[in-house]
Amino acid sequence: MTLRIFSGAMLAAVTLGGCASFVELKPAAQSVQVGSTDTVGSCTLRGSVHVKVLDKLGPVSRDEGKMIIELNTLARNAAVDLQGDTVLADGPIKAGERDYKVYRCK
């Protein structure tokens, strides 16, 4: 019976974790865009940021698409401090971490 309760609780945690985003976009970052190499050619590099989210909930790996959304949100939030308006991923996700370059394009 304990195993069933634990399994149910784990399933509930995974289900809830899959529905909700753990990261909120700050109001000041709403105008910051996620760019591509094609869109930042005429922009000014403002700096870089390193962001991190959970890549696992217990033994269960998180969905990569959701991690990308959260990492992009964190990078957009951080871009405000560098007076940037565009972020560009600078490499792959490694253990829930990713680097971004921050640009000023407008």
Side-chain angles (χ1 to χ4, degrees):
M1 183 148 174
T2 302
L3 180 58
R4 288 184 185 170
I5 292 170
F6 175 78
S7 297
M10 180 60 76
L11 178 61
V14 170
T15 302
L16 290 175
C19 296
S21 176
F22 295 110
V23 181
E24 289 187 36
L25 184 65
K26 295 178 182 177
Q30 290 185 4
S31 62
V32 177
Q33 302 297 313
V34 178
S36 67
T37 53
D38 297 335
T39 61
V40 297
S42 62
C43 303
T44 304
L45 180 64
R46 301 292 300 165
S48 60
V49 296
H50 181 83
V51 294
K52 180 179 181 179
V53 296
L54 292 175
D55 64 334
K56 293 184 178 188
L57 292 173
V60 180
S61 294
R62 293 189 62 220
D63 177 71
E64 185 173 346
K66 291 182 185 199
M67 286 194 304
I68 290 170
I69 291 168
E70 292 175 3
L71 290 164
N72 287 348
T73 301
L74 287 170
R76 291 171 66 195
N77 287 341
V80 173
D81 294 334
L82 295 173
Q83 298 167 352
D85 58 24
T86 305
V87 296
L88 177 63
D90 188 25
I93 299 170
K94 294 180 184 173
E97 300 182 32
R98 192 177 220 181
D99 293 319
Y100 287 81
K101 292 189 186 258
V102 178
Y103 294 88
R104 180 81 181 161
C105 298
K106 297 175 187 171

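Computed from heavy atoms alone, side chains included, the values below leave out hydrogens, waters and symmetry copies. Just so you know, residue 1 is the first one in the sequence shown, and it goes up from there. Owing to the predicted nature of the structure, the values given are computational and were not obtained by experimental measurement.
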Check: [X] side chain, [Y] main-chain N or O, donor-acceptor pair, under 3.5 Å:
X: Arg76; Y: Gln30; value: yes
X: Arg46; Y: Leu82; value: yes
X: Asn72; Y: Val87; value: no

Spatial distance of atom [atom1] ([X]) from atom [atom2] ([Y]) [nearest 0.5 Å]:
X: Asp38; Y: Leu88; atom1: CG; atom2: CG; value: 10.0 Å
X: Leu71; Y: Asp55; atom1: CG; atom2: CG; value: 10.0 Å
X: Lys56; Y: Met67; atom1: NZ; atom2: CE; value: 10.5 Å

query = What residues, two or more places apart in sequence or in another chain, satisfy salt bridge (Lys or Arg N to Asp or Glu O under 4.0 Å) together with Asp99?
reply = none

inquiry  = Once salt bridge (Lys or Arg N to Asp or Glu O under 4.0 Å) is applied, do any residues pair with Lys26, and if so which ones, sequence neighbours excluded?
reply    = none

Can you name the nearest heavy-atom pair linking [X] to [Y], along with the distance?
X: Val40; Y: Tyr103; result: CG1-CD1, 3.8 Å
X: Thr86; Y: Val32; result: N-CG1, 4.0 Å
X: Lys101; Y: Asp90; result: CE-OD2, 3.4 Å
X: Ser31; Y: Ala28; result: OG-O, 4.1 Å
X: Asn77; Y: Ala29; result: OD1-CB, 3.4 Å
X: Thr39; Y: Cys43; result: O-SG, 3.5 Å

task = May I ask you to test the Leu74-Tyr100 pair for a side-chain heavy-atom distance under 4.5 Å?
result = no

task = With the side chain counted from C-beta on, respond yes when Glu70 and Leu54 share a heavy-atom pair under 4.5 Å apart, and no when they do not.
result =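 SC-SC contact between Glu70 and Leu54 ruled out.
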
request  = Determine, using the 4.5 Å side-chain heavy-atom cutoff (strictly less than), whether Val23 and Val49 are members of one ILVMFWY cluster.
outcome  =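 Same cluster: Val23 reaches Val49 through Ile, Leu, Val, Met, Phe, Trp or Tyr contacts under 4.5 Å.
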
